[in-house]
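Inspection log for the structure reproduced underneath, given as structure tokens.
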Amino acid sequence: MHDKLEELEELCALKLGPGTVTELTQLSGGASMESWRFFYADRPLVLRRLPFTASPTAAAADNDVGSIPLATQAGLIDYLHGVGLKVPEVIAQLPAGSALGEGFIMSCINGEALPNRLLHKPEFSQARNNLSSQCAKELAHIHRIDPDDLPVTLPVLSPRALLEEQERFYRQFGSSNAVFELAFGWLNRTCPEPQEYRLVHADFRMGNFLVDGEGLTAVLDWELAHIGDPLRDISFLCIPSWRFGQYDLEAGGFASLENWLGDYETASGQRVPREHFEWWMIFNILWWGVTCLRLGSTFRDGSVPTVERTIIGRRISEVELDLLLSLETQRADSNAVLLAPPPSLNAELATDEEVQYAEVAQALAQWNKSDILPEASGHGVFASRVANNALGMVVRALRLEEPYGQRQAQRLAELGYDNKALANALRADFERCNDRATWDHLRLTTLERLAIDQPQYAGRAVALKHWCGF
């Protein structure tokens with residue numbers, strides 16, 4: 001990017017007059033898009049662009065059905081800024097064929113975006129108290145906009161269309177995930193019809209907000225915007241993976257579900273139908289799981305060969321756990337404790353052999369943590385942490401995958417299924433999960449997978465308390 005400063009300066013000069021680009025820095029995060037902050041004539045700006053490493057195929061895989069082109073995003077954000085929503089001002093779109101790629105330049109709004117800082121740092125305590133009511137007011141404003149007034153054309157998407165598209169994406173990978181199949185079956189049989197179609201952000205969550213000491217300053221990342229059911233936005237904020245460790249605070253990790261729904265009902269003047277909200281919660285959790293599959297696939301096909309994509313591709317086990325906890329209320333016995341002990345997180349290494357591969361990966365992780373991370377800055381800090389997550393996963397897989405695989409094979413044999421047959425049976429008949437041995441197998445397998453992929457995931461402690469009493 002730094003070799004393209006001249007073109008960036010020329011584009012800014014056309015819109016803002018003479019100046020110089022300084023302090024160009026890539027911001028942390030962003031699995032599917034890049035954000036670069038810089039100053040032009042002492043004014044802070046942000047370049048939002050498609051990564052150079054992303055092919056058009058990868059770009060399509062990064063987004064959900066209804067994803068909109070960057071030019072449409074810019075036009076939508078520009079309109080929303082004009083009607084008083086908390087969004088950046090669009091300064092300029094990158095011209096076709098630009099060496100900078102595809103994207104647009106926008107104003108830089110003050111605020112923190114990193115959820116772990118927002119949810120844990122004491123300087124944001126007042127903001128956390130304000131966020132539920134502020135986000136509710138902003139979301140209600142979004143949903144009050146008349147779709148006919150928009151200057152851009154957005155796709156109109158029903159719940160059924162979104163569900164069918166997600167299942168199409170899922171089937172492309174030939175997966176036989178029993179928990180996903182169970183969820184798809186339940187969602188298909190209970191799919192609602194929305195009361196009205198409105199403007200939907202479709203990615204309304206922590207990580208896409210800017211927040212200062214007083215609260216919300218901006219809503220970012222409009223690439224999934226469409227015309228659809230407002231309940232998708234209301235529930236999306238509550239996806240467990242987006243609570244960032246604050247699992248018991250269902251609304252973004254900063255508010256209870258009761259407070260969030262109450263704040264939205266007050267701001268909008270509309271009642272939130274709880275049965276439809278529940279459907280959207282399970283859909284959105286599953287949507288994130290399919291998205292993890294798709295993002296992981298862009299590493300495998302070489303279109304976005306980053307370490308972060310491999311980590312995202314392994315977050316599926318988080319989704320499995322969240323789906324089981326959510327679908328459990330639909331079973332005849334929603335309080336069934338596990339009849340078998342949960343998986344251990346430890347496996348002893350042999351001491352009478354040469355150095356094992358798990359020890360090599362563990363040494364690399366320690367070297368990265370002690371030698372590389374302290375010297376990193378900017379995006380390098382984020383990249384180093386992602387690398388350490390990946391190495392930790394490899395260490396655990398080398399130690400635990402074989403014994404866990406043996407346990408899973410034994411349980412399946414006792415049930416009389418293989419993985420694919422069990423997945424198909426659960427897709428066809430939700431009642432099969434009322435069989436205690438089948439339900440235990442799903443829960444134990446998910447806990448085993450999570451023990452390798454992300455043992456510190458906050459939902460694991462919640463599941464163990466619910467399923468095992470500790």
Side-chain angles (χ1 to χ4, degrees), residues 29-33 48 63-68 73 76-77 79-81 83-88 109 111-115 118-119 127-128 130-145 147 150 154-155 157 159 162 194 196-211 215-244 246 249-257 259-268 270 272 276-288 291:
S32 60
M33 296 289 293
R48 179 83 167 157
N63 292 321
D64 187 24
V65 58
S67 61
I68 56 178
Q73 293 177 44
L76 175 62
I77 294 169
Y79 170 82
L80 297 177
H81 181 267
V83 298
L85 278 161
K86 296 180 184 295
V87 298
I109 298 177
E112 175 61 71
L114 294 178
L118 294 173
L119 295 177
R128 290 192 289 272
N130 296 337
L131 270 176
S132 181
S133 62
Q134 291 174 345
C135 288
K137 289 176 183 177
E138 192 72 4
L139 192 57
H141 189 176
I142 292 168
H143 293 162
R144 280 195 300 271
I145 290 172
L150 296 174
L154 299 178
L157 300 166
L162 286 163
E196 59 180 349
Y197 283 80
R198 309 299 296 177
L199 173 63
V200 175
H201 181 280
D203 203 6
F204 193 83
R205 61 171 176 84
M206 293 294 283
N208 288 337
F209 303 153
L210 288 178
V211 177
L216 185 70
T217 62
V219 178
L220 308 175
D221 295 0
W222 289 82
E223 59 259 33
L224 301 182
H226 62 270
I227 308 302
D229 190 341
L231 277 164
R232 186 180 189 193
D233 279 340
I234 301 168
S235 64
F236 199 89
L237 180 67
C238 303
I239 291 179
S241 288
W242 301 124
R243 298 174 198 168
F244 298 93
Q246 305 292 93
L249 292 173
E250 298 98 325
F254 57 78
S256 69
L257 180 61
N259 284 346
W260 166 241
L261 295 182
D263 284 338
Y264 180 84
E265 289 178 341
T266 298
S268 66
Q270 302 289 324
V272 177
H276 289 177
F277 176 87
E278 182 178 15
W279 188 92
W280 276 110
M281 269 293 295
I282 293 172
F283 171 85
N284 283 326
I285 294 169
L286 183 60
W287 171 90
W288 174 235
T291 300

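Source: prediction; values computed, not measured.
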W280/F277 aromatic ring centres below 6.0 Å: no
Below 4.5 Å, heavy atoms only, C-beta onward: do [X] and [Y] meet side chain to side chain?
{"X": "I227", "Y": "L150", "answer": "yes"}
{"X": "F244", "Y": "L119", "answer": "yes"}
{"X": "L80", "Y": "L199", "answer": "yes"}
{"X": "I234", "Y": "H143", "answer": "yes"}
{"X": "V272", "Y": "L231", "answer": "yes"}
{"X": "F236", "Y": "I285", "answer": "no"}
{"X": "Y79", "Y": "L85", "answer": "no"}

Could you work out, with salt bridge (Lys or Arg N to Asp or Glu O under 4.0 Å) as the rule, every residue matching D203, not counting sequence neighbours? R205
Could you work out, with salt bridge (Lys or Arg N to Asp or Glu O under 4.0 Å) as the rule, every residue matching R243, not counting sequence neighbours? none
Is there a donor-acceptor contact under 3.5 Å from the side chain of [X] to the main chain of [Y]?
{"X": "D221", "Y": "N208", "value": "no"}
{"X": "Q73", "Y": "I68", "value": "yes"}
{"X": "E250", "Y": "C238", "value": "no"}
{"X": "H201", "Y": "L220", "value": "yes"}
{"X": "R144", "Y": "S268", "value": "no"}
{"X": "Q246", "Y": "G252", "value": "no"}

[atom1]/[X] to [atom2]/[Y] distance, rounded to the nearest 0.5 angstrom?
{"X": "C135", "Y": "D233", "atom1": "SG", "atom2": "CG", "value": "11.5 Å"}
{"X": "W287", "Y": "I239", "atom1": "CH2", "atom2": "CD1", "value": "6.5 Å"}
{"X": "T217", "Y": "I109", "atom1": "OG1", "atom2": "CD1", "value": "6.0 Å"}
{"X": "L216", "Y": "E138", "atom1": "CG", "atom2": "CD", "value": "6.0 Å"}
{"X": "L139", "Y": "R198", "atom1": "CG", "atom2": "CZ", "value": "12.0 Å"}

Identify whether the distance between the nearest side-chain nitrogen and carboxylate oxygen of K137 and D263 falls below 4.0 Å. no
Evaluate H226 against Y197 for side-chain hydrogen bond (donor to acceptor under 3.5 Å, both in side chains), listing each step before the verdict. CA-CA 10 Å; H226 62 270; Y197 283 80; over 6 Å; no
Could you pull out all residues at least two apart from W260 that satisfy side-chain hydrogen bond (donor to acceptor under 3.5 Å, both in side chains)? none
Side chains of S235 and N284: do they bring a donor and an acceptor to under 3.5 Å? yes
Given the rule in the side-chain contact (heavy atoms from CB on, under 4.5 Å) test, do W279 and D229 qualify, once you have shown the distances and angles that lead to the verdict? CA-CA 12 Å; W279 188 92; D229 190 341; over 6 Å; no
If I compare all heavy atoms of A136 with all of A267, which pair ends up nearest, and what's the gap? O-CB, 3.7 Å
For L76 and A225 the tightest heavy-atom approach is CD2-CB, 3.6 Å
Take L131 and V211, measure what side-chain contact (heavy atoms from CB on, under 4.5 Å) needs, and give me the verdict at the end. CA-CA 9 Å; L131 270 176; V211 177; 4.0 Å; yes
So M206 and L118, side-chain contact (heavy atoms from CB on, under 4.5 Å) or not? Walk me through it. CA-CA 9 Å; M206 293 294 283; L118 294 173; 3.8 Å; yes
